[in-house]
Amino acid sequence: SDSSTEDQMAAKYEEIKTDFEQIQKSQDSIIDAYKGGDAINYVKIGTSSLEISKSANRLKSNLFTPVADKIEAEKDPVEKVKITKTIRDLIVELDNTIGLFAASPMFLNLRVIDPAVSEKTGKDLDMIIELSSILNAEAVKMNIK
């Protein structure tokens, strides 16, 4: 029925909004953990980057249909971020990418989506997933030392 489709859409919008805000909140936590106090809080950086990764993955499934993924998979894989980056570099790059992603015109109206904008936003989101995963792994390593 029509109303159940509406309900699903409403639930989806709620999740999109939650994840969209969570990514930005978690990024603020990472910056605080990096800059705040005398010692860098790698535990907080690790857990916050994991939050970003989780939210970004759920956003990806809500915003982009899996069909697009299949086409993406046939193209060259996203160039893997070089792990020669410092934690600081990863945080800066993640921050910049989240900034671009959050400013996407796509979020002004999710019902009318320009394919070019959608593709760019999807690439930014993939980069966020990639960077947050690497940052998490690096923070965990730092914490073991």
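Keep in mind that what you see is a predicted model, and the values were worked out from it rather than measured.
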May I have the step-by-step check of side chain to side chain donor-acceptor pair (under 3.5 Å) for S104 and T121, ending in yes or no? CA-CA 6 Å; S104 169; T121 306; 2.7 Å; yes
Approximate separation, where rounding is to 0.5 Å, of I87 CD1 and L94 CG: 12.0 Å
Here the pair of heavy atoms bringing I52 nearest to S26 is CG1-CB, 3.4 Å
With rounding to the nearest 0.5 angstrom, report the OG1 to CD1 distance, T97 to I128. 6.5 Å
Here the gap from Y34 atom OH to I91 atom CD1, rounded to the nearest 0.5 Å, amounts to 6.0 Å
Of all heavy-atom pairs between L125 and F64, which one has the smallest distance, and what is that distance? CD2-CE1, 3.8 Å
Pairwise distance NZ(K54) to OG(S133) - rounded to 0.5 angstrom: 12.0 Å
How are the rings of F101 and F107 set relative to one another: parallel (under 30°), tilted (30 to 60°) or perpendicular (over 60°)? perpendicular
Min side-chain heavy-atom separation V112-N109 under 4.5 Å: yes
Is the closest basic N to carboxylate O distance between K17 and E14 below 4.0 Å? no
Evaluate K44 against S29 for side chain to side chain contact (heavy atoms under 4.5 Å, CB included), listing each step before the verdict. CA-CA 7 Å; K44 197 170 176 195; S29 293; 4.0 Å; yes
Any salt bridge linking D126 with K60? Criterion: basic side-chain nitrogen under 4.0 Å from a carboxylate oxygen. yes
Hey, could you give me the CD1/CG distance between I45 and L50, rounded to the nearest 0.5 Å? 13.5 Å
Do Q27 and I23 pass the side chain to side chain contact (heavy atoms under 4.5 Å, CB included) test, and can you show the C-alpha distance, the side-chain angles, and the key distance before you say yes or no? CA-CA 6 Å; Q27 179 60 13; I23 284 176; 5.6 Å; no
Identify whether V92 and L135 are in the same connected component of the hydrophobic contact network (ILVMFWY, side-chain heavy atoms under 4.5 Å). no
Quick one: list whatever passes salt bridge (charged side-chain N to carboxylate O under 4.0 Å, His left out) with K12, sequence neighbours left out. none
D7 and S4: side-chain donor and acceptor closer than 3.5 Å? no
Tell me, with the steps shown, if V140 and Y42 meet side chain to side chain contact (heavy atoms under 4.5 Å, CB included). CA-CA 7 Å; V140 167; Y42 291 110; over 6 Å; no
Would you say the side-chain atoms of S49 pair up with the backbone N or O of G46, donor to acceptor, closer than 3.5 Å? yes
Quick check: does any side chain N or O of N136 sit under 3.5 Å from a backbone N or O of S132, one acting as donor and the other as acceptor? no
Side chains of L63 and M106 in contact at under 4.5 Å (non-hydrogen atoms): yes
Verify side chain to side chain contact (heavy atoms under 4.5 Å, CB included) between V117 and K120, making sure each step is shown before the conclusion. CA-CA 5 Å; V117 168; K120 165 88 179 71; 5.8 Å; no
Can you measure from CD1 (I30) to CD1 (I40) and round to the nearest 0.5 angstrom? 12.5 Å
Can any side-chain N or O of E51 pair as donor or acceptor with the backbone N or O of T47 at less than 3.5 Å? no
Could you see if M142 belongs to whatever hydrophobic cluster contains V43? Use Ile, Leu, Val, Met, Phe, Trp, Tyr and a side-chain cutoff under 4.5 Å. no
